[in-house]
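Every number for a ligand or one of its atoms is a count from 1 in the order of the listing. Source: prediction; values computed, not measured. Keep in mind that the numbers below use all heavy atoms, side chains included, and drop hydrogens, waters and symmetry copies.
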Amino acid sequence: MSLTGVRIAGVGHYAPERVVTNEDFAGWLDTSDEWIVSRTGMKRRHWVAPGEATSDLAVAAGRKALAHAGLDASDIDCFIVATVTPDYSFPATGCIVASRLGGVDKPGFDINIACSGFIYGLTTASALIRGGVYKRILLIGAETLTSITNYEDRGSAILFGDGAGAVVLEASEKDSFLSSELGSDGSRPELLFVEAGGSRNPIDAEKLAERKNFLSMQGREVFKFAVTKMIAATDVALQKANLTRDDLNLLIPHQANKRIVDAAAKYLNMGPDRVVINIHEYGNTSAASIPIALSEAVAAGRVHDDDVIVFVAFGGGLSWGAVTWRWSA
Ligand code: UT7
């Protein structure tokens, strides 16, 4: 038996207990439940407790995925965390998570490509397994976006939540990975970025006073880009897999805005039964949103053996990507 393919052997997710509703924001921002629901589809999001960090969420989700796969951390050859909100700027959260789960001396690293993190991570991890470098990888999308959210900016503050989703990938006879389409355009980082705190603009008192250490976004620009790229990436990924939209059983998109997902799903001719949406519960959790949605879809019995799934995301970079995946139970 040659194990030259890859499959997902287990999934899991974790969201912090504290729930923040749209009404809560209306307490300090000029906003309303009606505006947030109609413009984004969001109703609730989960926020970390003081002292809770990204590795805490990642470890909780990782444990669940390992349990679901019936495996132990010692069975894992490599730990990858997709995040833009690491515990520290370095060391990598992947190292911290590997150690805390019990992956002694195993490689751990991060993928920093914002909301596209899970798609880039799935592509990377699948290549490492299909290429024979590793047999099992724990891939986790985990974010504490509340740590970089500017709560004085009503245009972005209401969007983000904290959470983590994890998948155990393992070498397999049947190959689930059918194709990947990735892209980026770094010519305008200011469309969606944290301006200060890196080598371009080290933090100083002035930048802190101007809140440049928090996320800022040109929402309308990102919205237009998101719809276009989600559709194009999905189509190209399907073409690369020699499939068409009709072959697609389930679309699991990044949960940034229900209007973005609805617009893309409409164009792709995918009815609600073929699209996973949980944005009302979690808001936008960046790299965590797709693995959380997958984990919930599996738990709800929406994913069946042999189903063709497209995972698709877009975000800071700007970046985008889609992976076509044939589910193997
Ligand atoms: O994960 C990837 C990263 N992010 C995204 O994908 C986000 C993409 N963009 C979006 O989802 C949308 O652009 C937003 C939800 C951020 C904004 O929705 P929009 O329909 O594009 O609104 P807008 O920015 O065009 O603003 C419309 C109005 C403005 O008022 P005026 O200038 O028309 O008087 C805003 O000031 O809505 C106002 N507004 C708000 N009003 C109440 C903006 N935020 C709020 C708010 N509550 N929270």
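Ligand 1 has no N or O atom lying under 3.5 Å from any N or O atom of Ser32, backbone or side chain. Residue His254 has at least one nitrogen or oxygen atom sitting less than 3.5 Å from a nitrogen or oxygen atom of ligand 1, judged on distance alone.
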Given Gln255 and Thr40, is the side-chain contact (heavy atoms from CB on, under 4.5 Å) satisfied, shown in steps?
-> CA-CA 10 Å; Gln255 313 279 314; Thr40 71; over 6 Å; no
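Using a non-hydrogen distance threshold of 4.0 Å, Leu29 does not register as a contact of ligand 1. Close to ligand 1: Phe314, with a non-hydrogen atom less than 4.0 angstrom away. Within the 4.0 Å heavy-atom shell around ligand 1 one finds Gly155. Residue contacts with ligand 1: Ile36 is excluded, as none of its non-hydrogen atoms falls under 4.0 Å.
By the criterion of a heavy-atom distance under 4.0 Å, the side chain of Leu192, and not its backbone, is placed next to ligand 1.
Test Thr93, Ile96, Val97 against Val59 for side chain to side chain contact (heavy atoms under 4.5 Å, CB included) and you get one pass: Val97. When each of Arg259, Lys266, Lys258 is paired with Asp262, the salt bridge (Lys or Arg N to Asp or Glu O under 4.0 Å) condition holds for Lys258 and for no other.
Relative orientation of the Tyr151 and Trp47 rings is tilted, given thresholds of 30° and 60° on the angle between their planes.
Of all protein heavy atoms, the one closest to atom 47 (N) of ligand 1 is Thr31 OG1, 2.6 Å. The single protein non-hydrogen atom nearest to atom 27 (C) of ligand 1 is Arg39 NH1, 3.7 Å, given as residue, atom name and distance. In terms of protein heavy-atom proximity, atom 17 (C) of ligand 1 is nearest to Trp35 CH2, 4.0 Å. What sits closest to atom 9 (N) of ligand 1 on the protein, heavy atoms only, is Gly219 O, 3.0 Å. Closest protein heavy atom to atom 25 (O) of ligand 1: Arg220 NE, 2.5 Å. Remark: minimum distance from atom 4 (N) of ligand 1 to any protein heavy atom is reached at Met217 SD, 3.3 Å.
By the definition of a contact as any protein heavy atom under 4.0 Å away, atom 1 (O) of ligand 1 is in contact. The protein reaches atom 19 (P) of ligand 1 closely, with a heavy atom under 4.0 angstrom from it. Using a 4.0 Å threshold on non-hydrogen atoms, atom 13 (O) of ligand 1 counts as touching the protein. Distances from atom 7 (C) of ligand 1 to the protein include at least one heavy-atom value under 4.0 Å. Within 4.0 Å of atom 37 (O) of ligand 1, at least one protein heavy atom is present.
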